[in-house]
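Before any comments, here is the structure.
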Amino acid sequence: MALSIDLGPKARQFQDELRQWLEANRPEGLPLDDPNGAGGADGGPPEWNEWADALSAAGYMCVSWPVEYGGRGLSGIEVAVMNEEFTRAGVPRVTRGMGEWLVGPSIIVWGTDEQKAHFLPRIIDGTDRYCQGFSEPDAGSDLASLTTRATADGDELLITGQKVWTSGAQVANMMFCLCRTDPDAPKHKGISYVLTPMRRPDGSPNGFDLRPIRQLTGSAHFTETFITEARAPLFNVVGGLNNGWRVAMTTLGNERGGNATTQHTQYVRQFWETVDMVRQEGKDGDAVVRQQLAWAFTHAEIMRYSGLRILSEVLAAKEPGPGASINKMFWSEFAQRFAELTVNIRGAKALVMPEQKPDEYTPDAWQQNFLATRSVTIWGGTAQVQRNIVGERVLGLPKEPIPVQTKGGAQ
Ligand SMILES: Cc1cc2nc3c(=O)[nH]c(=O)nc-3n(C[C@H](O)[C@H](O)[C@H](O)COP(=O)(O)OP(=O)(O)OC[C@H]3O[C@@H](n4cnc5c(N)ncnc54)[C@H](O)[C@@H]3O)c2cc1C
């Protein structure tokens with residue numbers, strides 16, 4: 001059982017209200033996890049869409065955004081309460097994916113009043129679904145090396161280049177895209193952050209050619225993304241022309257710390273599924289397995305409390321600091337070790353694919369989880385890059401002997 005914390009009257013009132021609403025409205029049989037991993041980056045599987053709209057209509061979307069921008073201004077404790085009530089009700093805590101988690105908070109910090117009024121409601125009601133156009137074939141950790149170009153054409157930008165690993169691009173209609181708008185400026189200075197429509201007003205593609213990349217898990221939730229003369233209004237540049245690096249840092253900070261209060265719930269659930277599996281395997285008397293389970297449970301609990309701390313920091317400062325990198329390192333390395341542990345406990349059967357038709361490739365849920373978690377120490381900035389950030393910006397250690405130009409790492 002989780003330690004109980006004193007919620008205080010406001011959070012308790014919210015808990016009562018939410019519990020009643022969930023009791024009356026919760027759908028049955030929805031998948032609880034996004035099988036594509038990557039933090040439900042694109043807002044999750046299609047079966048979640050109707051539930052997402054119901055949550056949005058009831059005001060349970062983008063809940064930690066300030067009230068003046070359509071959120072509920074919930075505190076860290078209240079967001080944690082919300083996650084736990086969803087788990088209790090057996091329904092997924094669906095969000096607006098990258099729109100809610102990455103783009104919206106960056107617009108709140110850097111957007112003009114007109115941009116906030118235009119773009120934020122469209123995220124909340126699901127009109128705009130975003131994918132992240134940061135990484136390129138030669139710009140991953142060293143994100144500022146990106147070469148996708150944008151040139152002004154009247155009151156629009158014309159964007160040409162190649163992005164890669166674009167999660168959820170197939171279901172998105174907008175890309176938050178980093179483009180080079182001043183090729184003569186130092187590499188961090190000539191970049192702009194452009195909210196780019198993926199279709200033209202008549203519905204035809206806006207210069208986007210998406211080529212799915214198949215993953216170890218069998219799914220293809222990201223693409224190589226070729227962009228040829230995509231048009232975006234200058235109005236859609238967030239933070240001002242050539243100031244996109246600062247905006248991107250806000251986005252990346254949220255990517256590393258912004259989901260801090262939601263992620264432990266999935267590991268608590270996975271923990272109890274693992275306990276059931278251990279019982280079925282007849283290994284619940286095995287002292288080593290019991291010790292490993294205790295390790296997993298304590299780590300999920302640590303994640304719960306450090307998540308609350310990070311969210312409180314974000315709500316106070318409006319932006320996550322470099323401490324968000326500690327969160328990213330902690331949960332991603334835990335997720336991998338936990339998945340390895342479940343594979344070890346299952347033994348030889350973990351290595352055998354479930355029975356399936358010829359040409360089919362569908363690992364079982366344990367195998368999927370093991371394979372999907374290989375990627376979590378890469379996306380959102382690799383584990384090595386997070387260590388650099390923690391070493392230099394949190395601990396104040398000397399910089400690397402060969403200066404690293406960027407501390408990038410998109411999703
Ligand atoms: C599942 C998944 C989803 C993704 N989704 C998106 C998305 O939606 N949008 C998007 O833009 N990108 C996305 N990415 C890309 C991701 O951001 C990059 O893979 C990541 O930033 C690393 O870049 P890279 O792959 O080019 O590796 P590289 O940067 O080439 O790194 C290779 C290796 O070198 C190490 N390394 C690099 N620099 C340093 C350094 N300074 N110090 C120490 N070690 C270093 C790295 O840690 C790594 O081990 C996704 C990636 C994955 C795996």
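This structure is a prediction, so every number in the text was calculated from the model and none was measured. Whatever order the structure lists them in is the order used to number ligands and atoms, beginning at 1.
The environment of Q291 atom CD is sparse: at most 12 non-hydrogen atoms of other residues, nucleotides or ligands sit within 6.0 angstrom.
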Margin query: Set out, in order, the CA-CA distance, both residues' side-chain angles and the distance that settles ring pair (Phe, Tyr, Trp, His ring centres under 6.0 Å) for W295 and F334, then state yes or no.
Written below: CA-CA 10 Å; W295 170 86; F334 166 70; 5.3 Å; yes
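Between W165, Y130, F222, it is W165 that holds the heavy atom closest to atom 7 (C) of ligand 1. In the candidate list N388, I378, I389, I378 is nearest to atom 19 (O) of ligand 1, counting heavy atoms. Closest heavy-atom approach to atom 48 (C) of ligand 1 within the set T382, V376, V164: this belongs to T382.
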Contacts table for residues 350-359: side-chain donor-acceptor under 3.5 angstrom, sequence neighbours left out:
residue, atom, partner, partner atom, Å
Q356, OE1, Y361, N, 3.3
Q356, OE1, T362, N, 2.6
Q356, NE2, P354, O, 2.8
Q356, NE2, T362, O, 3.2

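Proximity to F134 (heavy-atom distance under 4.0 Å) selects the following atoms of ligand 1: 11 (O). Interface atoms of ligand 1 facing W379, defined by a heavy-atom separation under 4.0 Å, are 1 (C), 2 (C), 3 (C), 4 (C), 50 (C), 51 (C), 52 (C). Near S375, meaning under 4.0 Å from any of its heavy atoms, are these atoms of ligand 1: 1 (C), 53 (C). In summary, the atoms of ligand 1 found under 4.0 Å from a heavy atom of Q384, numbered by their order in the structure, are 43 (C), 44 (N), 46 (C), 47 (O), 49 (O).
Partners of E100 under the salt bridge (Lys or Arg N to Asp or Glu O under 4.0 Å) rule, at least two apart in sequence or in another chain, do not exist in this structure.
Backbone and side-chain nitrogen or oxygen atoms of Q132 are examined, and one is located within less than 3.5 angstrom of a nitrogen or oxygen of ligand 1. Where the criterion is an N or O separation shorter than 3.5 Å, residue side chain and backbone included, S141 meets it with respect to ligand 1. Residue contacts with ligand 1: T166 is placed with no nitrogen or oxygen under 3.5 Å of a nitrogen or oxygen of the ligand (distance criterion only).
Evaluated for a side-chain contact (heavy atoms from CB on, under 4.5 Å) with F14, the options R19, E85, M82 yield exactly one hit, M82.
For the pair A230 and T196, the tightest heavy-atom approach, listed with the atom from each and the gap, is CB-CG2, 4.3 Å.
A donor-acceptor pair is defined here as one N or O able to donate and one able to accept, closer than 3.5 Å; such a pair exists between the side chain of Q115 and the backbone of V237.
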